[in-house]
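Only this structure's heavy atoms are used, side chains among them; waters, hydrogens and symmetry mates stay out.
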Amino acid sequence: MTFRLYDTATREVRDFVPLEEGKAGIYLCGLTVQSEPHVGHVRSGVNFDVLQRWLAHLGYAVTFIRNVTDIDDKILTKAADQGRPWYNLAYEMHRELDKAYAALNVAPPTYEPSATGHVPEMVELIATLIERGHAYAAADGSGDVYFDVRSWPSYGELTHQRIDDMEAAEDADPRGKRDPRDFALWKGRKDSEPQTASWPSPWGRGRPGWHIECSAMAEKYLGAAFDIHGGGVDLRFPHHENEQAQSRAAGHPFASYWMHNAWITTAGEKMSKSLGNTLSIPSVLQQVRGIELRFYMVAAHYRSHVEFSFEALQEAAVGFRRIENFLERANTPGAVDVDLPAAFVDAMNDDLGTPAAVAVIHDTVREGNRVLAAGDDTAARAARVQVVAMLDVLGLNPADPAWGPTASDDQQLTDAVDVLVRGLLDQRAQARANKDFAAADMIRDQIKAAGIAITDTPDGPTWSLEAGTK
RNA sequence: GGUGGGUUGGCCGAGAGGCGAGGCAACGGACUGCAAAUCCGUGUACACGGGUUCAAAUCCCGUACCCACCUCCA
């Protein structure tokens with residue numbers, strides 16, 4: 001079975017056929033760095049990280065471009081409100097975003113271009129559009145340049161809308177537009193805006209419109225035609241529709257497939273002001289570990305809407321600890337060579353069916369626990385190797401250094417704790433031998449209170465740090 | 001007005017004509033001094049009303065409710 005994915009443009013699951021054999025080019029619309037990233041923002045990062053890892057697993061040489069839009073109306077407004085330079089706000093939020101991605105083991109892309117670094121490329125593209133008769137400088141002397149939607153007959157094809165059915169923006173000041181649906185490629189500088197937020201162009205100083213940066217950067221790093229373009233569902237229109245129109249009007253075939261991830265929302269309430277803060281990545285990470293938050297996201301299909309709740313998050317965390325628990329229990333020496341389970345491969349090939357893929361992990365863990373209980377260490381080890389391989393593909397391998405050092409990585413400390421715990425366990429064994437169960441249980445409680453779980457096995461008790469304690 | 005998505009057991013969350021995905025919780029059993037961990041077992045779930053079919057959660061028609069986008073948006 002080959003890799004198949006749902007293409008938003010054609011509204012069907014299609015076989016993935018790359019433009020160039022063995023290679024895959026992906027462009028993901030990253031974020032506009034204007035505020036602290038929240039859980040919803042990073043979902044696309046996690047989803048497309050899984051895509052990238054799966055394509056790499058399938059043997060593709062992946063070029064993954066994820067941009068950052070670091071200049072736009074909102075950044076300018078917010079920075080002005082906060083009384084600081086816009087680039088300082090954008091840069092700080094960019095760093096916050098990096099931290100959030102790192103906390104969720106979202107691998108860095110091949111390159112992360114930012115809009116402000118690609119103004120000349122955008123100017124070139126705009127000039128091409130004017131030459132070809134698909135864009136025009138506003139006649140009102142504002143210095144704006146607009147895309148002429150009426151000049152592009154297939155405008156609306158990505159989202160299957162007809163221009164005449166669209167509502168024109170009510171607030172849209174028609175300014176120098178020929179049609180209210182025309183959108184800005186270039187915005188002439190206004191006196192109210194900082195000089196630093198403008199660049200020279202043939203149409204006077206100004207700054208790029210919202211959509212043009214992605215067209216320019218995708219072309220620069222992936223070429224006029226590339227394989228997959230992604231982002232959140234809300235970007236389909238206008239952002240992606242406009243990107244496609246611009247690029248194709250400029251003569252570029254653009255993306256072969258469009259992938260859009262669904263939203264994460266919160267119970268009843270909008271994820272804006274009031275709740276926005278409680279869902280910032282750092283605040284959520286006070287309750288669960290990054291790996292557990294990632295597991296929660298990956299356990300749902302990327303095209304399914306997720307209603308975020310801390311209860312569901314905690315539940316996912318508990319389920320993940322069960323997997324980790326098995327990894328620890330089955331960690332016996334000896335090498336085994338096994339492939340990914342076929343059911344897992346099929347699930348991933350079917351439009352990144354991570355929910356089914358996660359079910360295969362659970363199945364393998366249960367089977368591993370079963371053979372472990374039966375004393376078949378070799379079979380258990382084989383199951384463990386499979387589980388680790390599956391987790392790796394999903395970016396969920398607890399042993400991945402990306403998750404940072406864990407307490408158990410400190411061998412000296414582990415050895416010291418081992419001596420102390422062993423001593424207590426010996427006392428407990430003595431108490432149990434004397435049938436002094438009150439004393440035995442007291443020792444067990446004492447150890448547990450220190451965040452250490454003990455497991456009684458036929459070969460005697462073992463200890464481990466309780467998963468999930470932070 | 002236009003374009004899409006959704007409603008699945010106590011909860012989360014898959015599936016897209018035919019054997020009850022998986023997880024969490026619960027209950028019973030095994031193991032245990034008791035627990036924990038682990039294993040085994042236990043559920044007549046598909047918003048509502050019609051229809052098609054040997055067979056419908058899945059297809060068709062209708063209804064209700066929810067959500068997203070229509071130039072700020074992950």
Side-chain angles (χ1 to χ4, degrees), chain A residues 8 11 28-32 34-35 37-48 72-75 77 149 156 159-172 180-184 209-211 230-239 241-242 260-265 268 271-272 296 299-301 303-307 309 311-320 322-323 325-326 329 343 347 350 353-363 365-374 432 435-438 440-441 444-445 448 453-458 461-462 464 466:
Chain A
T8 314
R11 298 176 183 161
L28 171 65
C29 284
L31 269 59
T32 297
Q34 45 100 358
S35 61
H38 58 61
V39 177
H41 287 137
V42 295
R43 184 180 191 188
S44 65
V46 170
N47 288 156
F48 283 87
D72 88 321
D73 293 352
K74 229 170 185 174
I75 292 173
T77 309
V149 298
T159 50
H160 308 94
Q161 302 182 87
R162 294 174 40 236
I163 293 182
D164 294 321
D165 288 337
M166 295 178 194
E167 287 180 359
E170 283 173 24
D171 61 325
R181 296 162 196 85
D182 288 351
F183 55 91
W210 176 31
H211 320 290
V233 274
D234 55 314
L235 295 182
R236 281 178 309 189
F237 192 89
H239 189 53
E241 187 73 64
N242 291 354
H260 291 98
N261 63 278
W263 292 89
I264 293 180
T265 58
M271 200 185 275
S272 52
Y296 174 62
H301 189 85
R303 282 192 286 123
S304 290
H305 166 123
V306 169
E307 182 71 39
S309 78
E311 291 72 22
L313 180 61
Q314 288 295 351
E315 189 184 283
V318 169
F320 189 72
R322 178 183 145 80
I323 296 170
N325 210 344
F326 166 68
R329 283 168 20 99
D350 186 12
T354 54
V358 167
V360 176
I361 292 178
H362 285 301
D363 288 342
V365 166
R366 194 186 331 103
E367 175 60 14
N369 275 322
R370 200 183 62 74
V371 294
L372 200 58
R432 292 175 74 195
K435 307 260 189 235
D436 183 357
F437 297 121
D441 290 349
R444 185 171 62 197
D445 291 346
K448 186 176 167 57
I454 67 169
T455 307
D456 286 323
T457 75
T462 63
S464 61
E466 281 193 78

Query - Nucleotide nearest Asp441(A) (side chain, heavy atoms from C-beta), chosen from rC39(B), rC34(B), rG2(B) - result: rC34(B)
Query raised in the report: Of the nucleotides rC39(B), rU3(B), rA14(B), which one has an atom closest to the side chain of Arg370(A)?
Result: rC39(B)
Contact under 4.0 Å: [X] side-chain N or O vs [N] OP1/OP2:
X	N	value
Asn261(A)	rA74(B)	no
Ser304(A)	rG6(B)	no
His362(A)	rG22(B)	no
Arg322(A)	rC39(B)	yes

Query raised in the report: Strictly by modelled atom types, are Gln161(A) and Thr159(A) linked by a side-chain donor-acceptor pair under 3.5 Å?
Result: yes
Query - Donor-acceptor pair, side chain of Arg181(A) and main chain of Ile163(A), under 3.5 angstrom - result: yes
What about [X], does its side chain sit under 3.5 Å from the base of [N] through a donor-acceptor pair?
X	N	value
Arg329(A)	rA37(B)	no
Arg366(A)	rC40(B)	no
Asp456(A)	rA37(B)	no

Using atom [atom1] in both nucleotides, what's the gap between [N] and [M] to the nearest angstrom?
N	M	atom1	answer
rG15(B)	rA21(B)	C1'	7 Å
rC72(B)	rG62(B)	C1'	38 Å
rU7(B)	rG49(B)	C1'	16 Å
rU53(B)	rC59(B)	C1'	9 Å
rU58(B)	rC70(B)	C1'	31 Å
rA36(B)	rG6(B)	C1'	41 Å

Query raised in the report: Can we say Asp445(A) and Lys448(A) salt-bridge, meaning some charged N sits less than 4.0 Å from an Asp/Glu carboxylate O?
Result: no
